[in-house]
Trainee: 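First the structure, then my questions, so here it is.
Just so it is clear, the structure is predicted and the values come from calculations on it, not from any experiment.
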Amino acid sequence: GRAHGLYGQGLPRNAWVLEQIAGKSGGGVEPVHHGHQIRGHLSGIKKQNRNNFTVTFLAHAQSKSRRFHAFKAGHTHKVIQSCHSRVGADLSALSFLRRSDSLKTVAFATVGCKVNQYDTQAMVEQILSAGYNIVPFSGKADVYLVNTCAVTKEADADSLRKIKQAKNNNPSAKIICAGCFVEDKNALSEAFHGLLVVKRGDKNSIADILAGNALSEKRRGERLYEPLKVSGFFEHTRAFLKIQDGCDDFCSYCFVPYARGRSRSRELKDIISEAERLVENGHKEVVVTGVNSGDYGRGLKPRVDIADALAALCAVKGLSRIRLSSINVNHLTPKLLELLAREEKMCRHLHIPLQSGSDEVLKIMRRKYTIKEYERVVGMARLMVPDLAITTDIIVGFPSETDKHFAETLNFAEKMQFTRTHIFTYSKRDGTASAKMSDETAPGIKKKRFAALGKTTKESENNFIKSFTGREI
């Protein structure tokens, strides 16, 4: 514990750890000062939860760097051994607490999407188990890990800023880079020399990479789901639950399929097991996420789909809310909509990327639907699920987008009355099909279109909010 520090043989007074014990053991815990009292409260926890909870709150203490900077190894070791004899928990996973006071420190930064945030948390838990102490990224650390993004030029720049920040914080530190940006070898080599790069498929070996151990060669083109897992997101109420990775769509503007690889799915039993673990650790809401979540089930036997995965999650006891992060309109089936309408645990929200309101532009983008098909599916969704919130993504300034094309997008967005619209200015990605197109839209025109679309979609957002005025919901 570090809320007030470890003083001699005393443990923290009114510490966060004790609050967690109170929550797990039914409350009513007074401030304590000695290990035997903590052991007593641990004894009150249901036997099946003791080990998981003990690992969770102590590992959490390690990650709460502003409150818990380190453990005094000698005293903590005694507490662990005594807890083991009193409670009977297997505390082998806490071997890092038996290290010397000179714990190595590691700091993390994440750029980009929910999938990246999940991957970072999985790596954090591996490093904690390997005996490292998590510290803030803004300070000095022995190792910095930057989980990067490459969806836009802005994401590239943000990733580079984080790498430079790490270098400035501690020039002698190891800097490890993971994520989509590192899959672009030219971009990374231009940034810094001497970086340790974690390619896709190797995130589950982050502790070995830190230790300098050689990794077995992997065939990265295979449709194998990397066995990452998490126990909780201790800085968030919601937990991210990754079910799928990669993409086979190869939209003409998108670098992600090249960075993340082909579409692959996680075994359903592993998804449910992780959801149960998240519930045990206090999460009541999960956000189901993936690079192309609607493609879930590809390669699995027996074949299942995204609706099957969500239905199985609805059956998890203690899980109160399930939110689907994003889904393409061509994956939005009647089966999925029926589940959304039927299950109270499912949040009445769908994020359905549009990208353009022009069929001509959609075709060049290699999107797998027309405007008429998009409108039909969204209409069916709103009919089946009353008060459904629908959010979307739209790109402005795509190469070959004329004033006519943009007017079609503007009119369609106004017609659809999206709850919220995430607007992106087209960003050229080397290696994609659209990067070879010569008729790029001028920056000034992109800026004007961004502003015009933002004004229109803000009105529809307000309209959705106003629709609930005076209603009991």
Side-chain angles (χ1 to χ4, degrees), residues 16 19-28 44-46 48-53 55-57 59-60 63 113-115 117-118 121-122 125 228-244 266-290 293-294 296 304-327 332 335-352 381-382 384-391 419-420 464-465 468 471-473:
W16 172 88
E19 295 168 9
Q20 297 304 298
I21 293 173
K24 286 287 184 178
S25 60
I45 300 172
K46 289 183 178 179
Q48 62 267 31
N49 292 332
R50 288 173 193 159
N51 182 45
N52 188 47
F53 167 64
V55 173
T56 298
F57 89 77
H60 187 183
S63 69
C113 65
K114 295 178 179 66
V115 174
Q117 293 178 54
Y118 178 96
Q121 179 63 29
E125 293 186 17
L228 294 175
K229 60 182 180 180
V230 301
S231 297
F233 289 79
F234 301 113
E235 301 294 338
H236 302 274
T237 303
R238 297 171 179 168
F240 300 123
L241 179 54
K242 181 178 167 185
I243 67 168
Q244 183 272 344
R266 188 176 188 179
E267 292 287 348
L268 186 55
K269 62 180 177 60
D270 294 335
I271 294 172
I272 301 308
S273 176
E274 183 159 289
E276 291 170 345
R277 185 164 62 249
L278 292 169
V279 169
E280 287 179 3
N281 290 332
H283 292 290
K284 295 183 180 298
E285 178 175 347
V286 297
V287 182
V288 177
T289 189
S293 300
Y296 176 76
V304 292
D305 59 20
I306 182 65
D308 297 322
L310 294 173
L313 285 171
C314 287
V316 173
K317 293 182 179 179
L319 188 58
S320 302
R321 291 167 65 88
I322 302 166
R323 189 180 300 273
L324 183 59
S325 62
S326 180
I327 189 166
L332 203 54
K335 178 182 176 182
L336 179 55
L337 291 174
E338 288 170 5
L339 177 75
L340 195 65
R342 181 179 72 249
E343 288 288 349
E344 291 186 359
K345 289 185 178 183
M346 293 297 302
C347 294
R348 270 50 175 173
H349 166 244
L350 290 172
H351 185 79
I352 315 171
R382 283 174 166 158
M384 295 178 67
V385 188
D387 298 326
L388 178 65
I390 295 181
T391 56
T419 304
R420 182 169 295 173
F464 180 81
I465 295 170
F468 293 93
R471 293 173 53 189
E472 184 176 330
I473 55 174

Trainee: Hey, what do you get for CG (Leu337) to CZ (Arg382), rounding to the nearest 0.5 Å?
Mentor: 12.5 Å
Trainee: Under the side chain to side chain contact (heavy atoms under 4.5 Å, CB included) criterion, do Leu336 and Leu340 qualify, and how do the steps go?
Mentor: CA-CA 6 Å; Leu336 179 55; Leu340 195 65; 5.8 Å; no
Trainee: Taking only residues two or more places apart in sequence, or in another chain, which ones meet Phe240 in a ring-ring contact (aromatic ring centres under 6.0 Å, His included)?
Mentor: Phe233
Trainee: Excluding sequence neighbours, so at least two apart, what forms salt bridge (charged side-chain N to carboxylate O under 4.0 Å, His left out) with Arg348?
Mentor: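 If we apply the salt bridge (charged side-chain N to carboxylate O under 4.0 Å, His left out) test to Arg348, skipping adjacent residues, there are no hits.
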Trainee: When the side chains of residues 313-323 are checked against the rest of the protein, which donor-acceptor pairs come out under 3.5 Å, sequence neighbours left out?
Mentor:
from: Arg321; atom 1: NE; to: Glu285; atom 2: OE1; distance (Å): 3.1
from: Arg323; atom 1: NE; to: Glu285; atom 2: OE2; distance (Å): 3.1
from: Arg323; atom 1: NH2; to: Glu285; atom 2: OE2; distance (Å): 3.3

Trainee: With side chains defined as the heavy atoms from C-beta onward, is the minimum distance between Leu278 and Val230 less than 4.5 Å?
Mentor: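 SC-SC contact between Leu278 and Val230 confirmed.
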Trainee: Applying side chain to side chain contact (heavy atoms under 4.5 Å, CB included), name anything that partners Ala341, two or more places apart in sequence or on another chain.
Mentor: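 With neighbours one apart ignored, the set is Val385.
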Trainee: If the condition is side chain to side chain contact (heavy atoms under 4.5 Å, CB included), which residues does Ala311 pass it with, not counting sequence neighbours?
Mentor: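 Applying side chain to side chain contact (heavy atoms under 4.5 Å, CB included) to Ala311 gives Leu339.
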Trainee: Check side-chain hydrogen bond (donor to acceptor under 3.5 Å, both in side chains) between Gln117 and all other residues, then give those that pass, not counting sequence neighbours.
Mentor: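 Here no residue qualifies.
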Trainee: Please answer whether the main-chain N or O of Ser231 pairs with a side-chain N or O of Asn281 as donor and acceptor at a distance below 3.5 Å.
Mentor: yes
Trainee: Gly290 and Val115: which non-hydrogen atoms are nearest, and at how many Å?
Mentor: C-CG2, 3.5 Å
Trainee: Answer yes or no: does atom NZ of Lys284 have more than 12 heavy-atom neighbours from other residues, nucleotides or ligands under 6.0 Å?
Mentor: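 No.
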Trainee: Taking all non-hydrogen atoms of both residues into account, name the closest pair between Leu268 and Ala312 and its distance.
Mentor: CD1-CB, 4.2 Å
Trainee: Rounded to the nearest 0.5 Å, how far does CG of Leu388 lie from CG of Leu350?
Mentor: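 Here the rounded value is 5.0 Å.
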Trainee: Restricting to side chain to side chain contact (heavy atoms under 4.5 Å, CB included), what partner residues turn up for Thr419, sequence neighbours left out?
Mentor: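 Ala389, Thr391, Phe464.
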Trainee: Partners of Tyr296 by side-chain hydrogen bond (donor to acceptor under 3.5 Å, both in side chains), sequence neighbours excluded?
Mentor: none
Trainee: Between Asp308 (side chain) and Asp305 (backbone), is there a donor-acceptor pair under 3.5 Å?
Mentor: yes
Trainee: With Lys229, which residues qualify under side-chain hydrogen bond (donor to acceptor under 3.5 Å, both in side chains), at least two apart?
Mentor: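 Once residues adjacent in sequence are excluded, Lys229 has no partner under the side-chain hydrogen bond (donor to acceptor under 3.5 Å, both in side chains) criterion.
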Trainee: The criterion is side-chain hydrogen bond (donor to acceptor under 3.5 Å, both in side chains); which residues satisfy it with Asp387, sequence neighbours excluded?
Mentor: Arg471
Trainee: Applying side chain to side chain contact (heavy atoms under 4.5 Å, CB included), name anything that partners Ser325, two or more places apart in sequence or on another chain.
Mentor: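 Ser325 satisfies side chain to side chain contact (heavy atoms under 4.5 Å, CB included) with Lys114, Val287, Thr289, Ser293 once adjacent residues are dropped.
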Trainee: Report the distance from atom NE2 of His351 to atom CG of Leu324, rounding to the nearest 0.5 Å.
Mentor: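 One gets 10.5 Å once the value is rounded to the nearest 0.5 Å.
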Trainee: To the closest 0.5 Å, what do you measure between CD1 (Ile272) and CD (Glu267)?
Mentor: 12.0 Å
Trainee: Just by distance, do the side chain of His349 and the backbone of Ile390 share a donor-acceptor pair under 3.5 Å?
Mentor: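 Flag not set: sc His349 to bb Ile390 has no pair under 3.5 Å.
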Trainee: For Leu228 and Tyr118, which heavy atoms make the closest approach, and how far apart are they?
Mentor: O-OH, 3.5 Å
Trainee: Which pairs, with at least one residue in residues 337-346 and sequence neighbours excluded, count as a salt bridge (charged side-chain N to carboxylate O under 4.0 Å, His left out)?
Mentor: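 Applying salt bridge (charged side-chain N to carboxylate O under 4.0 Å, His left out) to every pair that reaches into residues 337-346, excluding sequence neighbours, yields nothing.
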Trainee: Take a 6.0 Å sphere around CZ of Arg420 and say whether it holds more than 12 heavy atoms from other residues, nucleotides or ligands.
Mentor: no
Trainee: In sequence, state the C-alpha distance, the side-chain angles, and the governing distance for Arg277 and Glu280, and then conclude on salt bridge (Lys or Arg N to Asp or Glu O under 4.0 Å).
Mentor: CA-CA 5 Å; Arg277 185 164 62 249; Glu280 287 179 3; over 6 Å; no
Trainee: On a heavy-atom basis, which atom in Leu241 and which in Arg266 lie closest, and how many Å separate them?
Mentor: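 Residues Leu241 and Arg266, closest heavy atoms: CD1-NH1, 4.0 Å.
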